[in-house]
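Okay, so here's the structure we're looking at.
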Amino acid sequence: MNVQDDLQVRWWNLEAKLVERFGKKPDMETILFLIGIQELGEVKEKFSKEQKQDLMHVAVCSLLAQSGYYELEGRDPDGWPHFRQLKDLPILPPNEQELFLKDHVLLYFDKNEL
């Protein structure tokens, strides 16, 4: 089994756990939104469109911080995390960008127990 196949199997296992927990299969945006909420540490009844985008940005920064691309600088007065980019992201074709992000999502869930 090559690395890409292993990643796909692990991704399917994560999706199955999320389906079990939430009742439907989430797409990548939904997964990023959930990670963003986790990192914010605050669940609200409703988030604005801008806040949802901010939550996904927080998620991506949190995910890529695991590999040293970003670091948490601190939190603003409202409790939102802010990150500083430490190094350039790799330039990858779209399909590899998705695998790169999926790998970081899997690492995040391994570390944070679903």
Side-chain angles (χ1 to χ4, degrees):
M1 180 182 290
N2 69 32
V3 173
Q4 193 169 342
D5 290 341
D6 177 58
L7 179 88
Q8 189 60 53
V9 169
R10 290 171 43 230
W11 186 257
W12 288 334
N13 290 336
L14 174 62
E15 285 180 331
K17 288 178 184 176
L18 292 172
V19 166
E20 190 178 297
R21 177 127 183 226
F22 297 107
K24 65 181 188 176
K25 183 175 150 186
D27 60 12
M28 180 61 84
E29 282 188 2
T30 304
I31 291 170
L32 292 175
F33 179 69
L34 292 170
I35 291 170
I37 290 172
Q38 177 72 28
E39 292 302 308
L40 177 61
E42 178 184 337
V43 178
K44 291 164 86 169
E45 187 75 23
K46 200 118 167 109
F47 287 100
S48 71
K49 184 177 181 176
E50 185 178 325
Q51 288 173 321
K52 287 177 183 176
Q53 290 173 333
D54 290 345
L55 285 167
M56 288 191 277
H57 176 73
V58 165
V60 170
C61 291
S62 297
L63 292 172
L64 298 180
Q66 300 172 116
S67 295
Y69 290 98
Y70 290 89
E71 76 175 354
L72 180 64
E73 278 191 310
R75 292 182 178 265
D76 68 20
D78 294 326
W80 284 79
H82 289 269
F83 294 84
R84 179 168 59 104
Q85 189 170 352
L86 300 176
K87 59 185 180 182
D88 291 336
L89 295 170
I91 297 169
L92 302 168
N95 63 322
E96 288 182 33
Q97 287 176 14
E98 183 180 358
L99 295 174
F100 180 74
L101 196 53
K102 281 183 174 181
D103 194 35
H104 283 83
V105 168
L106 290 165
L107 179 62
Y108 179 87
F109 279 103
D110 285 347
K111 285 183 175 179
N112 294 287
E113 307 265 332
L114 180 59

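Keep in mind that this is a model prediction, so the values were computed, not measured.
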Please list, one pair per line, the donor and acceptor atoms closer than 3.5 Å that link side chains of residues 88-98 to other protein atoms, with sequence neighbours excluded.
| from | atom 1 | to | atom 2 | distance (Å) |
| --- | --- | --- | --- | --- |
| Q97 | NE2 | L92 | O | 2.9 |
| E98 | OE2 | K102 | NZ | 3.3 |

Atom CD of E29 with >12 non-hydrogen neighbours under 6.0 angstrom: no
Step through the shown structure and confirm whether more than 12 heavy atoms of other residues, nucleotides or ligands are within 6.0 Å of CD on E50. no
Supply the atom-to-atom distance F109 CZ to Q38 CD, rounded to the nearest 0.5 angstrom. 8.0 Å
With side chains defined as the heavy atoms from C-beta onward, is the minimum distance between M28 and V105 less than 4.5 Å? yes
Intermediate values then yes/no, side-chain contact (heavy atoms from CB on, under 4.5 Å), H57 and W80: CA-CA 11 Å; H57 176 73; W80 284 79; over 6 Å; no
What verdict does the side-chain contact (heavy atoms from CB on, under 4.5 Å) test give for L40 and V58, after you've listed the backbone C-alpha separation in whole Å, the side-chain angles of each residue and the deciding distance to 0.1 Å? CA-CA 8 Å; L40 177 61; V58 165; 5.8 Å; no
Give me the atom names and distance for the closest heavy-atom approach of F47 to K52. O-CE, 3.5 Å
When you compare the side chain of T30 with that of F22, does any pair of heavy atoms fall below 4.5 Å? no
What residues, two or more places apart in sequence or in another chain, satisfy salt bridge (Lys or Arg N to Asp or Glu O under 4.0 Å) together with E42? none
Is R10 close to D6 at the side-chain level, that is, under 4.5 Å between some pair of heavy atoms? yes
Residues H82 and R75: closest non-hydrogen pair is CD2-C, 4.5 Å
Decide if atom NZ of K49 counts as having more than 12 heavy atoms of other residues, nucleotides or ligands within a radius under 6.0 Å. no
Nearest non-hydrogen partners of K87 and G68, listed with the distance: CE-O, 3.5 Å
Measuring from atom CG of L63 to atom CG of L32, what distance do you get when rounded to the nearest 0.5 angstrom? 6.5 Å
For the atom pair CG (L86) and OH (Y69), what is the distance rounded to the nearest 0.5 Å? 11.0 Å
Please check if the side chain of D76 supplies one atom and the backbone of D78 the other of a donor-acceptor pair under 3.5 Å. yes
Connected via hydrophobic side-chain network under 4.5 Å: V60 and L7: yes
Rounded to the nearest 0.5 Å, the CG atom of L18 sits from the CD1 atom of I31 at a distance of 5.5 Å
Kindly compute the distance separating CG (L72) from SG (C61), expressed to the nearest 0.5 Å. 9.5 Å
Take a 6.0 Å sphere around NZ of K25 and say whether it holds more than 12 heavy atoms from other residues, nucleotides or ligands. no
Are Y108 and H104 an aromatic pair by the rule of ring centers under 6.0 Å? no
Closest non-hydrogen atom pair between G36 and A59, with its separation: N-CB, 3.6 Å
Taking the side chain as every heavy atom from C-beta outward, state whether V9 and N13 have any atom pair closer than 4.5 Å. yes
Please tell me if the side chains of E39 and L55 come closer than 4.5 Å, counting only heavy atoms from C-beta onward. no
CE (M56) and CD1 (I37) are apart, to the nearest 0.5 Å, by 10.5 Å
